[in-house]
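All remarks here apply to the structure that follows.
As the structure is a computational prediction, the values presented were derived from the model and not from experiment. Residue indices begin at 1 and follow the sequence shown.
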Amino acid sequence: QLQACGGGLVQAGDFLRLSCVASGGDFSDYGLGWFRQAPKKEREFVAAITWSGGSTYYVDSVKGRFTISRDNAKNTVYLQMDSLKPDDTAVYYCARKLGYYSLEAKEYDYWGQGTLVTVSS
């Protein structure tokens, strides 16, 4: 299971840190990703990280503002979101897949319940 938290209502320019705690399985075997879904839009990839944390990938719209990291000892993946914009408003989901990460949501087999991020202008 994956449990995401850390969302909230902030103003443009503010920051938030999302956390996602995993239970069950060997956390270090999995690539991890963050996705988001805004109202009336498709779910989109945001960021991903390899099992070791040695490689990360970001969608262009968040590069330089968001940072994904993980702590395998705590079975936790984080998404540090700085300089938030109203366009970042969405429900954010963490997900895991065995092996290397992917940009495709369909390749992830376990998903967290989502945490809502609302950025006001």
Side-chain angles (χ1 to χ4, degrees):
Q1 289 185 340
L2 298 172
Q3 183 77 25
C5 63
L9 172 63
V10 297
Q11 293 186 332
D14 284 349
F15 66 91
L16 282 173
R17 188 174 82 155
L18 306 184
S19 300
C20 178
V21 181
S23 59
D26 188 344
F27 188 71
S28 62
D29 288 341
Y30 296 90
L32 299 168
W34 285 97
F35 292 78
R36 66 186 179 186
Q37 188 166 16
K40 301 181 180 179
K41 291 188 176 181
E42 297 288 319
R43 187 172 299 190
E44 69 167 345
F45 169 83
V46 176
I49 189 167
T50 53
W51 67 271
S52 68
S55 179
T56 58
Y57 193 87
Y58 300 90
V59 67
D60 285 347
S61 60
V62 307
K63 284 181 180 177
R65 300 188 298 121
F66 290 12
T67 304
I68 187 171
S69 61
R70 64 190 292 168
D71 184 337
N72 287 347
K74 296 182 178 180
N75 286 1
T76 302
V77 61
Y78 304 97
L79 186 66
Q80 177 69 37
M81 306 187 295
D82 298 324
S83 303
L84 283 162
K85 303 176 181 180
D87 284 349
D88 295 319
T89 295
V91 177
Y92 284 71
Y93 299 89
C94 59
R96 74 172 199 191
K97 67 174 296 291
L98 193 62
Y100 208 79
Y101 66 71
S102 171
L103 309 187
E104 299 293 333
K106 64 183 180 182
E107 296 191 15
Y108 288 79
D109 51 5
Y110 282 95
W111 291 79
Q113 85 287 2
T115 184
L116 177 62
V117 173
T118 304
V119 185
S120 63
S121 58

If you round to the nearest 0.5 Å, how far is [atom2] of [Y] from [atom1] of [X]?
X     : Y      : atom1 : atom2 : result
Leu18 : Phe66  : CG    : CZ    : 8.0 Å
Asp87 : Arg36  : CG    : CZ    : 8.0 Å
Lys97 : Lys106 : NZ    : NZ    : 12.5 Å
Gln3  : Ser19  : CD    : OG    : 11.0 Å
Lys85 : Ser121 : NZ    : OG    : 13.5 Å

Minimum side-chain heavy-atom gap [X]-[Y] below 4.5 Å:
X      : Y     : value
Ile68  : Val77 : yes
Tyr101 : Leu32 : no
Val10  : Phe15 : no
Met81  : Arg65 : no

Looking at residues at least two apart in the chain, or sitting in another chain, which of them share a side-chain hydrogen bond (donor to acceptor under 3.5 Å, both in side chains) with Asn72? Arg70
Report, as yes or no, whether the 6.0 Å neighbourhood of atom CD on Gln1 holds more than 12 heavy atoms from other residues, nucleotides or ligands. no
Is the shortest side-chain N to carboxylate O distance from Lys63 to Asp60 below 4.0 Å? yes
Does the Ser55 side chain pair with the main chain of Thr50, one donor and one acceptor, at a distance under 3.5 Å? no
Looking at Gln37 and Ala90, would you say the former's side chain and the latter's main chain have a donor-acceptor pair under 3.5 Å? no
Find out if a path of hydrophobic residues (ILVMFWY) with successive side-chain heavy-atom gaps under 4.5 Å connects [X] to [Y].
X      : Y     : result
Val62  : Leu16 : yes
Val59  : Tyr78 : no
Tyr110 : Leu79 : no
Val117 : Val21 : no

I'd like to know whether Val119 forms a side-chain contact (heavy atoms from CB on, under 4.5 Å) with Asp14, so could you lay out the CA-CA distance, the side-chain angles of the two residues, the decisive distance to 0.1 Å, and finally the verdict. CA-CA 8 Å; Val119 185; Asp14 284 349; over 6 Å; no
Apply disulfide (SG to SG under 2.5 Å) to the pair Cys20 and Cys5, showing each step before the final yes or no. CA-CA 6 Å; Cys20 178; Cys5 63; over 6 Å; no
Suppose we screen for ring pair (Phe, Tyr, Trp, His ring centres under 6.0 Å). Which residues come up paired with Phe35, at least two apart in sequence or across chains? Phe45, Tyr108, Trp111
